[in-house]
Participant: 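The structure that follows is given in the form of structure tokens.
Just so you know, these numbers come straight off a predicted model, no measurement behind them.
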Amino acid sequence: MKLFLPCELPAVPSLKLYIDAETTVTITVDNAQRTSYDDASLLRANEATHVLLSSIFGTRMDKYKLDSPALFMPARQEHCTAYFETVSGQYPATDLLTEHKNIADVGLITARDGRRYVFHGVELRIPEQLEDEFAPTQPVPHLRCRLMAKRADFLHPVMGPPPSGTTFGYLLPQNCSFSRMPLKYVNFGRMVPCIMYHIGRTMVVHELEKGLLKSIGFDANHALRMATTTSASRAGYDYQRLEFLGDAVLKMMTTVTLMAQHPKWHEGYLAHQKDHIVSNGRLALAARTVGLVKYIATKQFTAHKWKPLYNDELVAEEETTVSQRRELSTKTLADVVEATIGAAFTQSELGLEKATAALKVFLPEVKWQPLAELNQNLRQLAAPASTSCENFAQTPRLESLLDYTFNNKALLLEAFTHPSLTTSAVPSYQRLEFLGDAILDYIVTNTIYNHLEKPSVPRMHRLRSATVNAGFLAYCALSTAFQIQMNDTPPQGSNTEAILLPTTASYNLLSFLRHAPNPPLSAAFNATRRRYDILQAHLHTSLISENQYPWRLFAAFGPEKTVSDIVEALLGAVWIDCGGNWDVVTQIARNLGSLTWLERALHEDIGCWHPKEEVGSFGLGGEDGGVRYIVYRGTDPGEVEEVVTTKDDEEGGCEEVGGYDNATNDDIYTAVEHVEIGKGTWHCRIVVNGESICVASGWNRLEVETAAAEQAVAILKARKVAQRDGLLHEDEVMIDAGNYHETQNGDNDADADDDAIGMADTEAKADSAGEEAVQQEDDQDESAGVAL
């Protein structure tokens with residue numbers, strides 16, 4: 001078929017239509033060229049279009065209007081005459097008995113009740129129902145037909161299994177009429193609504209590409225089409241993947257820009273300004289200001305109510321659209337802006353340049369510069385390399401650990417300088433941490449987005465959360481370590497002969513942190529180390545071999561924020577020092593271990609949905625719906641009044657139990673049964689949809705909430721399986737949470753993990769209470785770094 005339009009048509013991507021469960025058709029539009037038609041030719045094309053569409057949409061059309069903006073004609077010119085002269089109107093179906101027409105040349109059969117059928121031939125049959133008692137009982141001709149499917153939405157696949165077989169019906173010719181429109185044209189006419197919608201969206205996106213976003217220079221129309229399509233439109237694609245990418249690009253570019261243009265601002269000012277720039281409110285305002293709203297597809301297209309529009313109706317519709325303001329949510333508008341930035345970023349190797357161009361369109365108040373210029377500014381603003389002459393003898397060890405040699409070693413010194421060390425010649429790591437947070441987020445997001453298996457959007461967000469959270473980064477900082485051999489001499493006065501005994505000392509990234517003497521800070525570091533020493537084996541096993549992310553273990557780990565800040569500050573320092581080479585920074589992130597688990601999770605089916613989010617999926621609406629966490633403290637949950645906590649209570653103490661540095665899971669499980677629980681124990685009862693599901697215990701509020709959610713998820717999943725298999729009726733919903741032991745997703749050692757968690761916090765609190773003198777001595781050593 002030929003399509004004539006009153007305007008130039010851009011390149012239209014191919015369109016796949018799902019005719020039924022087993023049939024698909026691919027529509028391509030090509031060989032677009034300018035042509036001119038006289039009035040007679042235009043009238044003939046309008047008549048042809050009217051006849052074509054009337055065969056399907058006759059009741060929705062105005063039979064007196066012949067001014068369609070889209071005109072259809074047969075591709076072969078020799079068919080035109082026959083097409084116009086023979087296919088219009090309805091004819092008695094009895095003519096089919098004498099004309100002996102080819103089945104493909106017969107159009108739709110229309111019965112008396114208005115239903116339409118596809119013709120499949122003539123067959124002699126005895127009528128099933130006689131209209132009067134004198135009718136013949138011998139076989140008479142019948143039209144063998146199949147009811148035409150009412151399906152009109154060919155843009156989406158057919159849901160459910162295909163029909164088991166084709167059912168034919170038989171109609172008496174004298175009770176029917178038929179159209180001479182060949183069936184191939186009828187089938188094409190049924191696809192016209194979807195084709196026109198596809199072409200219309202292409203033209204809308206082309207207008208956006210060549211108008212508002214002309215400065216970006218998009219190479220592919222499809223990326224921009226995705227960026228401006230919401231999931232509500234059910235187009236088979238939407239902006240969510242591109243929004244995931246664009247969010248990280250926007251955050252990274254904003255962070256680097258603010259860092260380079262405001263060298264005097266500390267991390268607090270920078271974070272506040274960044275949050276303002278990337279906020280949903282600001283991005284939604286940008287979408288409205290530049291006029292992006294009218295290009296966004298928000299409604300699902302269905303052809304059931306489709307009817308051809310005429311030129312005068314299109315003009316009236318455009319005037320109405322201009323006068324009415326589309327009301328879209330702030331979140332949707334902000335997401336589309338981020339998706340558009342993401343779409344620009346995906347354009348060839350100049351992604352960052354085109355993303356910068358998109359930022360200039362939406363956020364013109366910010367002085368956006370090329371990333372290379374911003375990096376150069378930051379290198380010039382860094383402390384001179386001579387500053388590293390401060391007694392920081394660990395530089396070679398750290399560079400060896402990172403497998404990277406700094407050009408300006410003052411950046412390395414800055415990355416390990418705590419804000420408490422006010423006498424340092426270099427600034428603290430806070431600005432570098434602010435930068436590194438965005439750098440890591442950008443690297444992780446790119447790794448997830450570009451993975452060949454294309455994980456779902458919810459899983460993409462979960463993977464990113466699992467990789468950049470503070471607990472995981474602190475684990476990376478403490479597990480990035482090296483061992484050195486030291487000599488230990490027996491105490492003086494011993495009767496034994498002095499012999500040098502080799503021992504091994506371990507140094508991780510926290511060992512090199514430079515900070516001022518500060519007992520509370522040292523206590524927090526020591527507590528973090530203690531919890532790490534006890535949980536390290538469990539975390540390591542879970543991260544390298546189990547198929548579930550250890551959210552509860554990380555909640556129990558609860559490291560001091562500074563520990564995770566070190567990793568982000570290091571990444572920021574390396575990015576500045578290497579000139580913004582993303583390959584180098586990505587490799588450093590891999591050396592630090594922050595990408596190791598992610599790359600494994602992308603290739604394997606590793607569960608990473610946070611239990612508190614997953615249990616929320618079981619919540620219902622209404623007054624008693626949803627999930628409630630009832631957290632309380634005490635030695636006996638049954639004797640303590642339950643209270644819903646909104647903030648942490650004062651920490652209580654618990655008896656110290658030591659000697660578990662090399663304990664196995666079974667050792668910890670056995671020994672912890674004899675621990676006397678003190679006032680420091682936390683308990684959490686989780687209530688889902690008004691029902692108390694289970695109670696979990698632990699050593700901090702986040703841990704017990706995570707543990708309770710984890711157990712509740714397993715219980716509720718077990719119920720679903722039981723109900724599905726018919727083992728549990730809907731009214732039999734109670735499961736004994738006290739006798740429940742989780743064995744799914746590699747958590748067979750859950751009890752051992754519980755005990756390790758308790759031991760970690762017990763020893764950490766003992767450090768805080770009874771080792772202040774030792775801490776003061778440690779402060780003096782840590783303030784200058786570890787002497788090697």
Participant: A side-chain contact here means heavy atoms from C-beta on lying under 4.5 Å apart; do L570 and Y429 qualify?
Facilitator: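 No. Closest side-chain heavy atoms not under 4.5 Å.
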
Participant: For the aromatic rings, using the six-membered ring if either is Trp, is the centroid distance between H610 and Y549 under 6.0 Å?
Facilitator: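 No, the ring of H610 stays outside the 6.0 Å limit from the ring of Y549, centre to centre.
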
Participant: Quick check: closest heavy atoms across V249 and A355, and the distance to 0.1 Å?
Facilitator: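 Where V249 meets A355 most closely, the heavy atoms are CG1-CB, 3.9 Å.
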
Participant: When rounded to the nearest 0.5 angstrom, what distance separates CD1 in I566 from CD in E568?
Facilitator: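 The distance works out to 11.0 Å.
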
Participant: Determine, for W609 and R462, whether the Lys NZ or Arg CZ falls below 6.0 Å from the six-membered ring centre while staying within 45 degrees of the axis.
Facilitator: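 Relative to the ring axis of W609, which defines the angle, R462 lies inside both limits.
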
Participant: Kindly confirm or rule out a cation-pi arrangement of R685 over Y632, judged by NZ or CZ under 6.0 Å from the six-membered ring centre and within 45° of its axis?
Facilitator: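 No; the conditions do not both hold, so R685 does not lie above the ring face of Y632.
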
Participant: Between the main-chain N or O of M460 and the side-chain N or O of R241, is there a donor-acceptor pair closer than 3.5 Å?
Facilitator: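 It does not hold such a pair.
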
Participant: Please give me the minimum heavy-atom distance between A556 and L535, naming the atom from each residue.
Facilitator: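 Nearest pair, atom of A556 first, then L535: C-CD1, 4.2 Å.
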
Participant: Please check: side-chain N/O of T255 versus main-chain N/O of L435, any donor-acceptor pairing under 3.5 Å?
Facilitator: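 No, T255 side chain to L435 backbone: no donor-acceptor pair under 3.5 Å.
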
Participant: Is it the case that atom NE2 in H222 sees more than 12 heavy atoms from other parts of the structure closer than 6.0 Å?
Facilitator: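 Count over threshold, so yes.
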
Participant: If every non-hydrogen atom of L592 is compared with every non-hydrogen atom of T480, which pair is closest and at what distance?
Facilitator: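 Taking every non-hydrogen atom into account, O-OG1, 3.3 Å.
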
Participant: Decide side-chain contact (heavy atoms from CB on, under 4.5 Å) for Y239 and T228; before the verdict, give the C-alpha distance in whole Å, the side-chain angles of both, and the deciding distance to 0.1 Å.
Facilitator: CA-CA 6 Å; Y239 64 64; T228 54; over 6 Å; no

Participant: Do the rings of F557 and Y532 sit parallel, tilted or perpendicular, given the 30° and 60° boundaries?
Facilitator: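 Ring orientation, 0 to 90° scale: tilted.
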
Participant: Under 6.0 Å from the NZ atom of K454, do we count more than 12 heavy atoms belonging to anything else shown?
Facilitator: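 More than 12 within 6.0 Å, yes.
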
Participant: Short question: side chain of N508, backbone of S511 - any donor-acceptor pair under 3.5 Å?
Facilitator: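 Yes.
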
Participant: Using modelled atom types and a 3.5 Å cut-off, is there a donor and acceptor pairing between side-chain atoms of T340 and backbone atoms of V336?
Facilitator: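 Yes.
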
Participant: Q240 and S231: which non-hydrogen atoms are nearest, and at how many Å?
Facilitator: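 Closest pair (atom of Q240, atom of S231, distance): NE2-CB, 3.7 Å.
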
Participant: Enter the distance from L250:CG to I341:CD1 here, rounded to the nearest 0.5 Å.
Facilitator: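 Rounded to the nearest 0.5 Å, the CG-CD1 separation comes out at 4.5 Å.
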
Participant: Determine whether the aromatic ring centres of residues W582 and Y442 are separated by less than 6.0 angstrom.
Facilitator: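 So the answer is yes for these two rings.
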
Participant: Contact between R719 and I693 at the side-chain level, heavy atoms closer than 4.5 Å - yes or no?
Facilitator: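 They are in contact (side-chain heavy atoms under 4.5 Å apart), so the answer is yes.
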
Participant: Any side-chain heavy-atom pair from Y18 and K16 closer than 4.5 angstrom?
Facilitator: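 Yes - at least one pair of side-chain heavy atoms lies under 4.5 Å apart.
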
Participant: Not counting sequence neighbours, which residues clear side chain to side chain contact (heavy atoms under 4.5 Å, CB included) with E560? List them please.
Facilitator: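 Expected list: L521, A524, F525, T528, T562, V563.
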
Participant: Indicate yes or no: at least one non-hydrogen side-chain atom of T706 is less than 4.5 angstrom from one of F554.
Facilitator: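 They are not in contact (no side-chain heavy atoms under 4.5 Å apart), so the answer is no.
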
Participant: Which atom pair, heavy atoms only, marks the closest approach of M252 to A438?
Facilitator: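 In terms of heavy atoms, the two residues are closest at CA-CB, 3.9 Å.
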
Participant: Between F512 and Y507, what is the ring plane arrangement, given parallel below 30°, perpendicular above 60°, and tilted in between?
Facilitator: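 Judged by the thresholds at 30° and 60°, the geometry between F512 and Y507 is tilted.
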
Participant: Can you tell me if D247 uses its side chain to pair, donor with acceptor, with the backbone of E243 under 3.5 Å?
Facilitator: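 No; zero donor-acceptor contacts below 3.5 Å.
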
Participant: Between D153 and Q300, which heavy-atom pair has the shortest distance, and what is it?
Facilitator: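 That would be OD2-NE2, 4.2 Å.
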
Participant: Under 3.5 Å, side chain of S564 to main-chain N/O of L473, donor-acceptor pair present?
Facilitator: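 Not a single qualifying donor-acceptor pair exists.
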
Participant: Do K274's NZ or CZ and the ring of F434 fall within the cation-pi criteria of under 6.0 Å and 45°?
Facilitator: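 No, a cation-pi geometry is absent between K274 and F434.
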
Participant: Can you check side-chain hydrogen bond (donor to acceptor under 3.5 Å, both in side chains) on D583 and Q587, steps first, answer last?
Facilitator: CA-CA 6 Å; D583 292 335; Q587 185 57 48; over 6 Å; no

Participant: Does the pair E710/K612 count as a salt bridge with the N-to-O cut at 4.0 Å?
Facilitator: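 The answer is no: the pair does not qualify as a salt bridge.
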
Participant: Return yes if some donor-acceptor pair links the side-chain N/O of D403 with the main-chain N/O of N591 below 3.5 Å, else return no.
Facilitator: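 Not confirmed, D403 side chain does not pair with N591 backbone.
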
Participant: With a 4.5 Å limit on heavy-atom distance, are the side chains of I277 and R282 in contact?
Facilitator: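 Counting from C-beta outward, I277 and R282 never come under 4.5 Å.
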
Participant: Would you mind reporting whether F345 and N446 have side-chain heavy atoms less than 4.5 Å apart?
Facilitator: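 With C-beta onward as the side chain, the pair touches.
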
Participant: Does R225 use its side chain to pair, donor to acceptor, with the backbone of D238 at less than 3.5 Å?
Facilitator: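 Looks like no, no N/O pair under 3.5 Å.
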
Participant: For the atom pair CD1 (I534) and CZ (R529), what is the distance rounded to the nearest 0.5 Å?
Facilitator: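 Rounded to the nearest 0.5 Å, the CD1-CZ separation comes to 14.5 Å.
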
Participant: Answer whether the closest heavy-atom distance between the side chains of E453 and L602 falls below 4.5 Å.
Facilitator: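 SC-SC contact between E453 and L602 ruled out.
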
Participant: Quick one: do V687 and V627 satisfy side-chain contact (heavy atoms from CB on, under 4.5 Å)? Show the steps, please.
Facilitator: CA-CA 6 Å; V687 179; V627 179; over 6 Å; no

Participant: Check this for me: does any side-chain nitrogen of one of D335 and K331 sit under 4.0 Å from a carboxylate oxygen of the other?
Facilitator: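 A salt bridge is present here (some side-chain N lies under 4.0 Å from a carboxylate O).
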
Participant: Is it true that a side-chain atom of W551 and a backbone atom of C608 form a donor plus acceptor pair closer than 3.5 Å?
Facilitator: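 Confirmed, W551 side chain pairs with C608 backbone.
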
Participant: Compare all side-chain heavy atoms of L283 with those of L333 and state whether any distance is below 4.5 angstrom.
Facilitator: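 No, their side chains stay 4.5 Å or more apart.
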
Participant: Say whether, by atom type as modelled, one donor and one acceptor occur between the side chain of S233 and the main chain of T230 under 3.5 angstrom.
Facilitator: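 Indeed, once roles are kept as given, a pair shorter than 3.5 Å links the two residues.
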
Participant: Can you list the steps and then say if R464 with T445 is a side-chain hydrogen bond (donor to acceptor under 3.5 Å, both in side chains)?
Facilitator: CA-CA 7 Å; R464 183 165 65 184; T445 299; 2.9 Å; yes

Participant: Report the C-alpha separation of R628 and I630 in whole Å, then their side-chain angles, then the decisive distance to 0.1 Å, and conclude whether the side-chain contact (heavy atoms from CB on, under 4.5 Å) test is met.
Facilitator: CA-CA 6 Å; R628 295 175 62 233; I630 302 175; 4.0 Å; yes

